[in-house]
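A short write-up of the structure that comes next.
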Amino acid sequence: DAGVIQSPRHEVTEMGQEVTLRCKPISGHNSLFWYRQTMMRGLELLIYFNNNVPIDDSGMPEDRFSAKMPNASFSTLKIQPSEPRDSAVYFCASSSYSRNEKLFFGSGTQLSVL
Amino acid sequence: AQKITQTQPGMFVQEKEAVTLDCTYDTSDQSYGLFWYKQPSSGEMIFLIYQGSYDEQNATEGRYSLNFQKARKSANLVISASQLGDSAMYFCAMREGGTGGFKTIFGAGTRLFVKA
């Protein structure tokens, strides 16, 4: 299996621009998670989906953030408009319903908003 | 509410010695899972070990073991015979609820430095 695939690996944009991060989970996995990692706040859960349905988006910081999962093999996290404080590494992870439901992480997207 | 606490921002250990990374958690659920993940300087997140709240024995995976003390709500990671490649950030995490798609939250992490 190819693992969780995220794109792009790096994104540099200017404040005010729209940013779209993409994620392809492992085939057959039931759950998909979006996390943000910063030095100050650590790993924060932004939103997660079960079977393509958003379950908990309480971690989404503002209305500027939105996430979709139109099908089992694709999810997007969009920031519009972006701000410098959004600069972080954004991880996508997926898991299957199982005894431990361990997370399989993508390589992350390093976002820099100038 | 769920909470994971890792009180050691950084730890040093001599190569070939054992080291314990602390983790305490807070939950009102009876069914939950506890995890440790490793993040090397390359940035990837690597699953190390899992302990279910109903598991009676402490989990072990090679050189990793999880010292689970349910009454004290602690889930410390023990790494035996440390290697230089163990230098990394280590995160404790908790999934509240049983199986079937529940969220996992992470502690702040502990950075481990292994000295030659």
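The chains referred to below are lettered A, B, ... by the order of the sequence lines, with proteins before strands, and numbering in each begins at 1. Computed from a predicted structure; not experimentally measured.
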query: Contact part of A:Asn30 toward chain B, heavy-atom cut-off under 4.5 Å: side chain, backbone, both or neither?
result: neither
task: Assess the side chains of B:Thr20 and B:Asn76: does a donor N or O sit below 3.5 Å from an acceptor N or O?
output: no
field: Residue list, side-chain hydrogen bond (donor to acceptor under 3.5 Å, both in side chains) with A:Gln37, at least two apart or on another chain
entry: B:Gln39
query: Should B:Glu15 and B:Lys115 count as an ion pair when the cut-off is N to O under 4.0 Å?
result: no
field: Residues A:Arg64 and A:Glu18 bridged, charged N to O under 4.0 Å
entry: no
A:Phe49 portion near chain B, given a 4.5 angstrom heavy-atom threshold: neither
Proximal component of A:Leu103, with respect to chain B [non-hydrogen, under 4.5 Å]: both
task: Against chain B, label A:Phe104 side chain, backbone, both or neither, depending on which of its atoms sit under 4.5 Å from a heavy atom there.
output: neither
